[in-house]
Each structure stands twice: as C-alpha cells, then as structure tokens.
Amino acid sequence: MEKKVLVVEDEKNLARFIELELLHEGYSVKVAGDGREGLTIALEETFDIVLLDLMLPSLNGMEVCRRIRQTKSTPVIMITAKDGVMDRVSGLDSGADDYIVKPFAIEELLARMRALTRRTGDAVQSVQASVLEHKDLIINTDSYRVEKAGSEISLTKKEFDLLRMLVENENVVLTRDRILERVWGYDSEVETNVVDVYIRHLRHKIDIPGEQSLIETVRGAGYVMRI
C-alpha cells in the first residue's frame, strides 16, 4: 500500500522537486504552498508523513506543527534553512519528529522518511503498559498525560518521550547517545547537548524547587531515575 505524504513548502521549485522524487519512489503526494492551506489539509486528511517547511507564509511551520499535534500524531519532518541548536530545539519542541536543513540531498530525506515510518510502525505494533508510575508521577502512554501528585503536567512530545524512556529504564544510567537514538532517532543530526536542554526543561516541570531532582545526573555517563 502506497504511503501518503503531505509536502508543505512555499518554494515552488523545491516543492515540485520533492514531489517528483517522492512520486518516483512510489509515494502518493499532496502539496500545499502556505501554512494555513497545509494545516487544513493535514487535519482533514490522513497522511503517513508530513514534510513541513519552517518559514511559511500565513502561518509558520512551528505553529502548523503545534496545531497538528493537538489532534493528530502524524510523523512530521521539519525542513528549514536554520541550523542553530536552539532552532532545532524549537522545531522539535513544537512536535516535529525529525529535522533536516536546506540544502539537503534527496537521498538523505528519503532515508529519514524511511527511518521515521519504520519507528512509527514499530511503535504501533509494540504492546506496552499504558500506565507507568515513578514515585508520585503517573504517565499514561495512551493519552500522553502526565500527573504529579494528582496535578496534570503539560509536556511537549519530546519531553514526554524522554520522561517515558527514563521511567521505563529505572535504575539504568542512560547515555546521551542512547537517549538521542531512542527519542530522536539514530540518524538524527541533533547534537547531544540538546538532551541536556530537554533534561533542564523536564526538571523544571516535574521537580519541586529546593528538593532533589527526580532525574539524577551521573557525571561522565548520563542520566537516571532511581527507584
């Protein structure tokens, strides 16, 4: 069964190039030239993956991604000319699953798409507990809800995936490389210091000021949540 891809890109030549390459690879492709059109199509139809430019007219890519994430879990690859660490963090924080910087080789984009759809397929097929607990944290993996001492905590998708990985591996020290491979994907270009940024975000949300953090830093090794 052919996979459906939505390309949201305002550079017409690039959009057409990507469309032709994907059609050649056997994908079904729909193209949108601005953010609002792309968002409407993404919400009204079902796609296996969305290729989303960051800088779009009418509605930027980050906002489009955030609104998609409110109702759908469609895999999203953000396409952008910006290559700074915080630009990548912001794109991933908005709900994107991967990030590719212009100019890029079409072979790399295709490889990232295959890897992402593989990971998504594996996640759908895997059977895991729907509720995880760690001390006063309750994590519902079906609804993506996190509660601490009875109060709900709002997390981004990447923060949720990171917390889930830590809780599922209680007492196991996880290296930054292992976290990157599991949460961002083994072929992601995200650097290891992005993990430190997300750990800080997560601590700010789940820790009580003045008390020991639930996430322990093991110097020279990585991070762990102790029972």
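This is a predicted model, so every value here is computed, not measured. When a residue number appears, it is its place in the shown sequence, counting from 1.
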Side-chain contact test, heavy atoms from C-beta onward, threshold under 4.5 Å: evaluate it for [X] versus [Y] and give yes or no.
X	Y	value
W184	K158	yes
V131	T141	no
T74	L6	no
V5	L51	yes

> Taking only residues two or more places apart in sequence, or in another chain, which ones meet Y27 in a ring pair (Phe, Tyr, Trp, His ring centres under 6.0 Å)?
Replying inline: none
> In chain order, what residues pass the ring pair (Phe, Tyr, Trp, His ring centres under 6.0 Å) check against F104, with sequence neighbours excluded?
Replying inline: none
Is [Y] reachable from [X] through a run of hydrophobic residues whose side-chain heavy atoms are each under 4.5 Å from the next?
X	Y	value
V195	V218	no
V7	F17	yes
L202	I208	no
L20	V29	no
V224	L163	no

[X] with [Y]: basic N within carboxylate O range, under 4.0 Å:
X	Y	answer
R16	E9	no
K157	D161	yes
D97	R69	yes
E45	K30	yes

Can you tell me how far apart [atom1] ([X]) and [atom2] ([Y]) are? Round to the nearest 0.5 Å.
X	Y	atom1	atom2	value
S213	H204	OG	NE2	12.5 Å
Y223	E216	OH	CD	11.5 Å
I199	I179	CD1	CD1	5.5 Å

Which atom names give the shortest non-hydrogen contact between [X] and [Y], and what distance separates them?
X	Y	result
V8	D34	CG1-O, 3.7 Å
G35	V64	O-CG2, 3.6 Å
V167	E133	CG1-O, 4.1 Å
A15	V31	CB-CG1, 4.0 Å
N169	R182	ND2-NH1, 4.2 Å
N140	F160	O-CZ, 3.6 Å

> Passes salt bridge (Lys or Arg N to Asp or Glu O under 4.0 Å), R112 versus E107? Steps please.
Replying inline: CA-CA 9 Å; R112 288 177 177 276; E107 291 80 10; over 6 Å; no
> Do other residues, nucleotides or ligands put more than 12 heavy atoms under 6.0 Å from the CD atom of E152?
Replying inline: yes
> More than 12 non-hydrogen atoms from neighbouring residues, nucleotides or ligands closer than 6.0 Å to CG on N13, yes or no?
Replying inline: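 No, the 6.0 Å shell around CG holds no more than 12 heavy atoms from other groups.
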> If only atom types and distance count, is the side chain of N171 paired as donor or acceptor with the main-chain N or O of I227 below 3.5 Å?
Replying inline: yes
> Judged by atom type as modelled, is there a donor-acceptor pair below 3.5 Å linking the side chain of D98 to the main-chain atoms of L116?
Replying inline: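 Checking the backbone N and O of L116 against the side chain of D98, no donor-acceptor pair under 3.5 Å is found.
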> Out of I139, L174, L132, which one pairs with E168 under the side chain to side chain contact (heavy atoms under 4.5 Å, CB included) rule?
Replying inline: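 Looking at I139, L174, L132, the match for E168 under the side chain to side chain contact (heavy atoms under 4.5 Å, CB included) is L132.
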>> Here's a test for you: under side chain to side chain contact (heavy atoms under 4.5 Å, CB included), which of L59, L54, L52 qualifies with L56?
In response: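 It is L52; the other options fail the test.
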>> Between K4 and E2, does the salt bridge (Lys or Arg N to Asp or Glu O under 4.0 Å) criterion hold? Intermediate values first, please.
In response: CA-CA 7 Å; K4 294 180 61 178; E2 65 180 8; over 6 Å; no
> For R203 and T217, does a side-chain donor sit closer than 3.5 Å to a side-chain acceptor?
Replying inline: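 The answer is yes; a qualifying pair exists.
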> Please walk me through it: do R178 and E181 pass salt bridge (Lys or Arg N to Asp or Glu O under 4.0 Å)?
Replying inline: CA-CA 5 Å; R178 185 176 175 188; E181 180 178 338; over 6 Å; no
